Amino acid sequence: MIALGCDHGGYPLMQEVIHYLQQQNIPYENFGTYSEESCDYPVYAKKVAHAVAEGKCEKGILICGTGIGISITANKIKGIRAALCGDCFSAKATREHNDANILAMGARVTGVGLALEIVKVFLETPFSNEPRHVTRIAQIEE
Ligand code: RB5
């Protein structure tokens with residue numbers, strides 16, 4: 001189950017992500033926001049981060065205008081490793097090296113075509129499980 005969250009700035013791109021997930025038959029839970037009416041990104045970042053941290057959802061996708069505010073907020077929650085990605089190399093590397101559990105994107109930064117490729121790579125790339133990466137991830141929580 002993929003947890004989804006966005007603010008008004010991320011709403012248009014999130015509709016594209018939802019369409020992609022539906023096409024791929026990937027289950028998701030949408031924590032809002034549900035329109036382009038102005039709202040506060042921390043509200044939605046926290047809903048998604050808690051769903052992932054508590055194991056209700058295996059991964060999350062967060063979108064705001066830049067991806068910055070929503071990723072800063074998500075990373076305050078223990079156990080969350082939210083990666084702001086604007087390219088496919090970073091999306092692959094953050095899964096392999098950081099076992100990132102939330103993908104953050106900026107709807108005003110990254111175009112729809114690239115964003116959907118980033119989503120695909122993020123969701124399909126497994127963690128490497130290499131000992132050096134396991135050690136470093138544990139160090140994040142120390
Ligand atoms: C909203 O205007 C904008 O500030 C927000 O979407 C995000 O970019 C914050 O980091």
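In listed order, ligands and their atoms are each counted from 1. Computed from a predicted model, the values in this text were never measured in an experiment.
Residue His8 approaches ligand 1 through these ligand atoms, each under 4.0 Å from one of its heavy atoms: 1 (C), 2 (O). Close approach of ligand 1 to Gly65 (heavy-atom distance below 4.0 Å) involves ligand atoms 5 (C), 6 (O), 7 (C), 8 (O). Close approach to Asp7 involves these atoms of ligand 1, each under 4.0 Å from a residue heavy atom: 1 (C), 5 (C), 6 (O). Interface atoms of ligand 1 facing Cys64, defined by a heavy-atom separation under 4.0 Å, are 6 (O), 7 (C), 8 (O), 9 (C), 10 (O).
Asn98 places no side-chain N or O within 3.5 Å of a backbone atom of Ala100 that could act as its donor or acceptor partner. At least one donor-acceptor pair under 3.5 Å links the side chain of Asp7 to the backbone N or O of Gly9. When atom types are taken as modelled, the side chain of Glu96 and the backbone of Thr125 share no donor-acceptor pair closer than 3.5 angstrom. Checked by atom type and distance alone, the side chain of Thr94 never pairs as donor or acceptor with a backbone atom of Ala91 at under 3.5 Å.
The protein non-hydrogen atom at the shortest distance from atom 9 (C) of ligand 1 is Tyr41 CE2, 3.6 Å. If you check which protein heavy atom lies closest to atom 10 (O) of ligand 1, you get Gly69 N, 2.9 Å. Nearest protein heavy-atom contact of atom 2 (O) of ligand 1 is Arg108 NH1, 3.3 Å.
In this model, a donor atom of one side chain and an acceptor atom of the other lie less than 3.5 Å apart for Tyr28 and Gln22.
A heavy-atom distance below 4.5 Å is found between the side chains of Asn101 and Ile80.
By the 3.5 Å distance cut-off applied to N or O atoms, Gly67 is not counted among the residues near ligand 1.
Interatomic distance, Met14 CE to Ile61 CD1, rounded to the nearest 0.5 Å: 6.5 Å.
Under the 4.0 Å distance rule, the nearest protein heavy atom to atom 4 (O) of ligand 1 falls outside the cut-off.
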